[in-house]
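Reckoned from all heavy atoms, side chains included, excluding hydrogens, waters and symmetry mates.
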Amino acid sequence: MTSTDVSTAAEDSGPGGYAAARLSLLQQEARSGPPRRKALSALTDDWLNGLFTAAAGGLRGVALVAVGGYGRGELSPRSDLDLLLLHDGSAPAADIARLADRIWYPVWDLGLDLDHSVRTLGEARRTAADDLKAQLGLLDARHLAGDLGTTAALRTTVLADWRNQAPKRLPHLRELCEERAERAGELQYLLEPDLKEACGGLRDATALRAVAASWLADAPREGLDDARRRLLDVRDALHLTTGRSTDRLALQEQDQVAAALGLLDADTLLRQVYESARTLSYAADVTWREVGRVLRSRSVRPRLRAMLPGKPPVDRSPLAEGVVEQDGEVGLARAARPERDPVLPLRAAAAAAQAGLPLSLHTVRRLAATTRPLPTPWPAEARDQLVTLLGAGRSTVPVWEALEAEGLITRLLPDWERVRCRPQRNAVHTWTVDRHLVETAVRAASLTRRVSRPDLLLVAALLHDIGKGWPGDHSVAGEIITRDVAGRLGFDRHDTAVLATLVRHHLLLVETATRRDLDDPATVRSVADAVGSQATLELLHALTEADALATGPAAWSAWRDSLVTDLVGRVGAVLAGEEPEEPAVPSPTAEQERLAVEAYRTRSPVLALHARAETLNRDGAGDTADGAGTGQEPLGVELVLALPARPAQGARESYAMGVLPAVAGVLALHRLTVRTAELSGVSLPRGLDAAPRSAPAADADDPAGVLLLNWRVAAEYGSLPQAARLRADLVRALDGSLDIRARLAERDAAYPRRRGITAPPPRVRVAPAASHHATVIEVRAQDAPGLLHRIGQALEGDGLRVRSAHVSTLGANAVDAFYVTDASGRPLGEGEAARVAKSVEEALRG
């Protein structure tokens, strides 16, 4: 069916014919994008024209006008219809009301969303003067039916009003855009972006059209129409996929939307969305900067003309060789010759970032069009300018984005193309891969005083995730790429090796600190062997912190900082020639000994809770203070639990087995998240006082053995459970009268299930050579209440003893390491360890 046939069917058959024709059009897979939006708008125009003509009768001075997105002819499958019934006031109000009803009700009857209004020209002008959003919609007014002169008068008047009022209204429009960006986020980084509301989305495209209509400034037009078209195409596919009027590209819809657009996968879709958003966002930045410049110029010129005869002088301040500041932007000096100076783009960028000023659009485009490629290896000045650019801190970001918008970054660093706009499907990450790399350099700039080679720190920060554009382990791929890039940048062999080591092991410190036993000499020695030198360790420590801070709020904390700092101190001692000491059996503290004695005498669990509110110093170091605090960390809790080796008569024979799953399950019930868990035995001196009468007397031959658990946990909602209730549930869990699994299932059932992404299956592996005293089982799984309880049950079901557990949660992902031995306290054999890992993985999958 052609568009003419569709239109004819709509005219001949009324609302039912329009609905059938509309459905037929939307089901034509061969027609998509701008042609379908245009055809859908034309089809709707014809139908509404028919409704108006049939209902208007002899009314004069009345017009039906499309405004907003419909006025632009951009009807997506589930777009609402923005309609204005405009009249000159000569017709009776009752006739106008009847006409409106005979148009609005057929639209509603078809289930279409309708944004409608009835106004005279004067009312429309007053509404526009009071409501900026209404005025923006009227700028796209398009005649549909009725008196064409009435519509023409509206368009002429509204456009004239907008241009007259633009100096006052544009700052308000900019404020609305900034508020919306703050509320909806930046489209180019969001995993579930709002295609319309987010910064760089379709509303920003509309705002840029409004600025252009004011004649005060205009947006950079290159690529702008294509970016807007791609976002509209994605919205069309989203509407057809979901059957709803939605602008949010949810995770569960992305594969279907990608398929509808003929794209490879959801990542390809997101990358296309991000590229479009980046084009729009950069155009908006440049345009609003130009608007500000024009408005400032208008306010200053009258005063200058009054004081100075003739043309006012242009203020140009030199910033670097060939680089000047002019009117709040960085440009090229008159004598600059980009075609003869290949270092000029980096020199101009470094000067702009250090001065905290933007690069002018004209300058960036001239540099992109005329500058020759840098030689290989780079001259020393080019390398120094890159380091200066990266070391400028927060002001690096807009300058880098300006270079990237004109393709200069990929010309300087060809490997950048693989990470550009690459999404990261992990809720922990705030940014795309490329923006995360720049953000890491920004964070590293504040840490350069801590290292002897700030240049290596900054370059490593920029390259540490460069391998994410390649298959396999991104750290391994990144090491290979970094060696090549460092050579092209002109670093010598030693510095290249250091950079490669930093990229290869940029996750080593935080992963080891949070997942391994730092008292185990094998742990410290393995890190020392990987790092190799004190200088590299110093750089890796700063890179680890910068990387985590640039990842997102969940990736760094006072707790992780303290663990990493502890590990760095131990590794530094080994690199200085000291041998790591074998872990001594820790002596119990006075409080632990008191709890152990009480547990032995009463033959029942005894616990103590200590609350700590963790805070961050200004330099990022972690502190802990008793009581409530004002830091960013959740409320931390230290739980000390003492259990007699032989409980009260009638209970199970020993508390030693089943402790980990029982305690973990009770903590999950009380909404306490486990961070670390250590289990040890305490031998008390013989001859203790007799137990209270309520408890059975100890056997004379019974050694005074007590199992001591020292756990670090965090209160999920910032409030601590009552110690008495926690202890009561622990007693019930240990004697088997509390069904933890059933209670957890009950709690889960009380909350409504929400749609979401399908989590990848859990993975359990044996960490090779991680410890000489135990076997380390590493579990990676979707975080969920009771996960540690289930893991503990699986481990102890295999007859293993858990010496310690090191728990790390990043977003929705749990990465836990368990130090286990057999019943006699020895590490497991290779085959037995592999069997246990497979057994735990199967238990978690079940």
Side-chain angles (χ1 to χ4, degrees), residues 424 426-431 436 439-440 442-444 446-447 450 461 464-465 506-518 523 527 540-571 609-639 667-668 671-678 710-720 778 780 782-785 787-788 804-817:
Q424 305 207 73
N426 188 323
V428 175
H429 278 277
T430 302
W431 313 107
H436 167 69
E439 183 68 18
T440 305
V442 170
R443 299 286 188 163
S446 65
L447 305 176
R450 286 173 28 181
H464 74 277
D465 275 348
H506 68 272
L507 297 174
L508 177 64
L509 294 182
V510 71
E511 289 186 345
T512 302
T514 56
R515 304 174 193 173
R516 297 292 181 264
D517 183 0
L518 301 190
T523 298
V527 175
L540 189 59
H541 188 189
L543 176 60
T544 298
E545 183 173 337
D547 181 19
L549 290 171
T551 297
W556 195 243
S557 64
W559 169 66
R560 285 191 172 89
D561 177 65
S562 65
L563 291 178
V564 169
T565 300
D566 182 17
L567 174 60
V568 168
R570 295 171 188 248
V571 173
L609 281 172
H610 299 287
R612 293 181 180 274
E614 296 180 346
T615 60
L616 287 176
N617 290 332
R618 289 185 180 180
D619 62 359
D623 283 334
T624 59
D626 289 338
T630 58
Q632 299 178 354
E633 286 298 292
L635 193 62
V637 183
E638 184 180 9
L639 168 64
L667 294 177
R671 300 189 184 280
L672 292 173
T673 302
V674 178
R675 287 178 169 174
T676 61
E678 295 180 358
N710 200 315
W711 292 47
R712 187 76 178 277
V713 298
E716 188 175 339
Y717 297 123
S719 59
L720 295 177
E778 188 175 270
R780 299 177 183 234
Q782 188 81 356
D783 190 32
L787 175 64
L788 189 56
S804 65
H806 303 266
V807 179
S808 177
T809 305
L810 293 174
N813 297 296
V815 184
D816 304 339

Exam field: side chain T430 to backbone T551, donor-acceptor pair closer than 3.5 Å: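 Yes: the side chain of T430 pairs with the backbone of T551.
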T523 side chain vs D517 backbone, donor-acceptor pair below 3.5 Å: yes
Measure the [atom1]-[atom2] distance between [X] and [Y] for me, rounded to the nearest 0.5 Å.
| X | Y | atom1 | atom2 | value |
| --- | --- | --- | --- | --- |
| L672 | L639 | CG | CG | 8.0 Å |
| L507 | T544 | CG | OG1 | 8.0 Å |
| R570 | T512 | CZ | OG1 | 12.5 Å |

Criterion side-chain contact (heavy atoms from CB on, under 4.5 Å) on H541 and L447, from CA distance to verdict: CA-CA 10 Å; H541 188 189; L447 305 176; over 6 Å; no
Criterion side-chain contact (heavy atoms from CB on, under 4.5 Å) on L667 and W711, from CA distance to verdict: CA-CA 10 Å; L667 294 177; W711 292 47; 3.5 Å; yes
Between [X] and [Y], what is the shortest heavy-atom contact and its length?
| X | Y | value |
| --- | --- | --- |
| A513 | L518 | CA-CD2, 4.0 Å |
| A817 | R516 | CB-NH1, 3.5 Å |
| A444 | A461 | CB-CB, 4.0 Å |
| A550 | W431 | O-CD1, 3.2 Å |
| V510 | V564 | CA-CG2, 3.9 Å |

Positive for side-chain contact (heavy atoms from CB on, under 4.5 Å) with D547, one of H464, E439, R443: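 The passing option is H464.
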The single option from V568, T565, V571 passing side-chain contact (heavy atoms from CB on, under 4.5 Å) against L509: V568
Residue pair E545, R450: steps toward the side-chain contact (heavy atoms from CB on, under 4.5 Å) verdict: CA-CA 12 Å; E545 183 173 337; R450 286 173 28 181; 3.0 Å; yes
